[in-house]
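Dropping a structure here in structure tokens format, bear with me for questions.
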Amino acid sequence: MQNTWTPSQRAVRAAGQPISELMTQALGRPELISLAAGFVDQSTLPAVEIHAGIDALLEDSRQTKHALQYGPPAGDPTLREMILARQLASDGIAGRAIEIDRVIITAGSNQLLYLLADTLLDPGDIVLCAAPTYFVFLSIVKNIGAEAVGVASDENGIIPESLDETLRAFKEAGALPRVKAIYLMSYFDNPASRTISADRRPKIVQLAKHWSMKSPIRVIDDTAYRELRYAGDDMPSLALHDEDDNTVIVAGTFSKSFSPGIRVGWGVLPKKLVNPVLDQKGNMDFGAPNFSQHIMVEILKQGLHEQHVNKLRSTYSMKLSVMLDALQHHLGDVPGVQWSSPSGGLYVWLRLPEDLDTGPDGPVWPIALKEGVLYVPGEYSFPEQGIRREENWMRLSFGVLEPELLSKGVELLAKSIRRGLEGSL
Ligand SMILES: Cc1ncc(COP(=O)(O)O)c(C=O)c1O
């Protein structure tokens with residue numbers, strides 16, 4: 001008898017993620033100019049700052065040994081205190097008594113998103129997402145056997161009236177208890193670089209509380225791009241509007257504002273979620289890399305993080321201008337092609353005429369690959385359910401490439417779009 005092996009249901013659901021397709025293309029053809037990768041700028045990575053952080057740590061042999069040992073599963077207490085103090089200060093709620101126990105350090109914020117999904121969702125449960133949304137989060141939800149449902153959003157983020165309507169429809173269908181969370185990126189989201197406007201922020205939290213009838217609906221505020229602001233003033237996170245601290249989960253990371261390689265992310269969680277999330281974390285790694293956390297403490301202590309963010313802001317806003325100028329130059333005269341002009345984040349969100357599919361089965365993708373340029377097809381960022389999945393968008397990243405290659409990439413992309421448009425006439 002032949003032994004056959006089939007992967008678990010979860011492994012089957014994990015297969016075929018968009019990220020794998022993109023990585024395969026990018027790695028298989030290194031000559032491609034990638035406007036797809038959401039990586040940070042290589043030249044700005046904080047090698048000098050890391051050196052200073054490590055030097056300071058190594059000067060103290062007791063601390064060094066401490067850092068080389070396993071750390072507490074929730075993370076290093078000093079780092080947690082520093083992160084909480086920063087968040088409370090930037091949210092303007094420095095006086096709010098939030099216990100340090102509610103802060104958990106994770107190996108990047110993606111790990112936190114995974115742990116949250118694992119803790120909040122059973123198969124068949126629902127997460128509402130502003131559409132478009134972070135496509136890796138969609139894969140996480142799918143992996144668990146839960147469903148992501150897209151809610152309409154515009155330049156000011158998720159539309160509260162649409163969120164309300166969606167929740168009402170679930171209530172009327174008797175499905176409200178399946179809705180466990182609303183996932184949002186309230187600053188410069190991935191892929192559209194939209195920020196939720198100040199007037200919408202309290203409404204969203206109030207709606208989550210209002211519709212938390214039989215079971216709580218948590219709001220996950222993924223703040224990955226908060227610090228990458230190139231114009232205007234910072235705004236408090238959604239946590240400001242959660243007065244009883246039982247609805248909003250803030251996810252943060254040093255990946256975009258400092259270094260993704262250091263893999264330090266965090267969550268500030270409602271108290272009731274802390275132990276269940278830590279139980280899952282115990283199964284996964286019983287603590288994020290301790291050495292990285294100790295280095296981050298030194299970096300924060302010396303003010304090197306703030307300094308670095310200031311440098312990043314000028315590099316990225318220069319690159320954003322390069323991309324916007326190139327788009328205007330090469331596509332400004334093409335009817336029906338529009339793009340966002342964000343004031344932060346790492347992405348420009350570009351729209352083609354309605355019937356022009358940007359996905360791997362559409363006309364533009366193969367031409368772009370032939371021309372030598374890669375982008376993220378917008379359809380990956382739309383949940384399968386909820387508002388209609390739109391196929392005529394592209395996510396363009398300006399973070400990674402040097403200015404000349406950015407311009408060249410946009411030129412090749414424009415050529416592909418024009419040819420795609422001619423073919424569709
Ligand atoms: C919106 C968003 N959240 C979370 C992450 C995960 O980042 P990390 O795990 O490096 O903290 C990313 C990475 O691109 C992202 O775009």
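Ligands are counted one by one from 1 in listed order, and the atoms in each one are counted from 1 as well. Below, each value reflects all heavy atoms present in this structure, side chains not excepted, and no hydrogens, waters or symmetry copies.
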Quiz item: Numbering the atoms of ligand 1 from 1, which are under 4.0 Å from a heavy atom of R263?
Solution: 8 (P), 9 (O), 10 (O)
Quiz item: What protein heavy atom sits nearest atom 16 (O) of ligand 1, and how far off is it?
Solution: Y225 OH, 2.7 Å
Quiz prompt | R201: side chain to side chain contact (heavy atoms under 4.5 Å, CB included) partners, not counting sequence neighbours | solution = S186, Y187, T195, I196, M235, L238, H241
Quiz item: For atom CD of E384, is the number of surrounding heavy atoms from other residues, nucleotides or ligands below 6.0 Å larger than 12?
Solution: no
Quiz prompt | Closest approach of any protein heavy atom to atom 10 (O) of ligand 1, naming residue and atom | solution = S255 OG, 2.6 Å
Quiz item: How about Y225 and Y347: are their ring centres within less than 6.0 Å of each other?
Solution: yes
Quiz item: ligand 1 and N110, any nitrogen or oxygen pair closer than 3.5 angstrom?
Solution: yes
Self-check item: Per-atom contacts, ligand 1 versus A224 - under 4.0 Å to a heavy atom
Solution: 2 (C), 3 (N)
Exercise. Please confirm whether F170 and W211 have ring centers closer than 6.0 angstrom.
Key: no
Quiz prompt | Q111 and M284, any side-chain heavy atoms less than 4.5 Å apart | solution = yes
Practice problem: Considering only non-hydrogen protein atoms, determine which one is nearest to atom 2 (C) of ligand 1 and report residue, atom name and distance to 0.1 Å. | Solution: D222 OD2, 3.5 Å
Quiz item: In ligand 1, which numbered atoms sit nearer than 4.0 Å to a non-hydrogen atom of T253?
Solution: 8 (P), 11 (O)
Quiz item: In terms of residue, atom name and distance, what is the protein heavy atom nearest to atom 12 (C) of ligand 1?
Solution: Y134 OH, 3.2 Å
Exercise. Side-chain contact test, heavy atoms from C-beta onward, threshold under 4.5 Å: evaluate it for L240 versus V248 and give yes or no.
Key: no
Quiz item: Given the side-chain rings of W349 and W339, with only the six-membered ring counted for Trp, is the space between their centroids under 6.0 Å?
Solution: no
Quiz prompt | Location of contacts on K256 toward ligand 1, heavy atoms closer than 4.0 Å | solution = side chain
Quiz prompt | Ligand-residue contact atoms, ligand 1 with G108, heavy atoms, under 4.0 Å | solution = 9 (O), 11 (O)
Quiz item: To which protein heavy atom is atom 7 (O) of ligand 1 closest, and what is the distance rounded to 0.1 Å?
Solution: S109 OG, 3.5 Å
Exercise. Flag the pair P363 / L356 as yes when at least one side-chain heavy-atom distance between them is below 4.5 Å, and no otherwise.
Key: yes
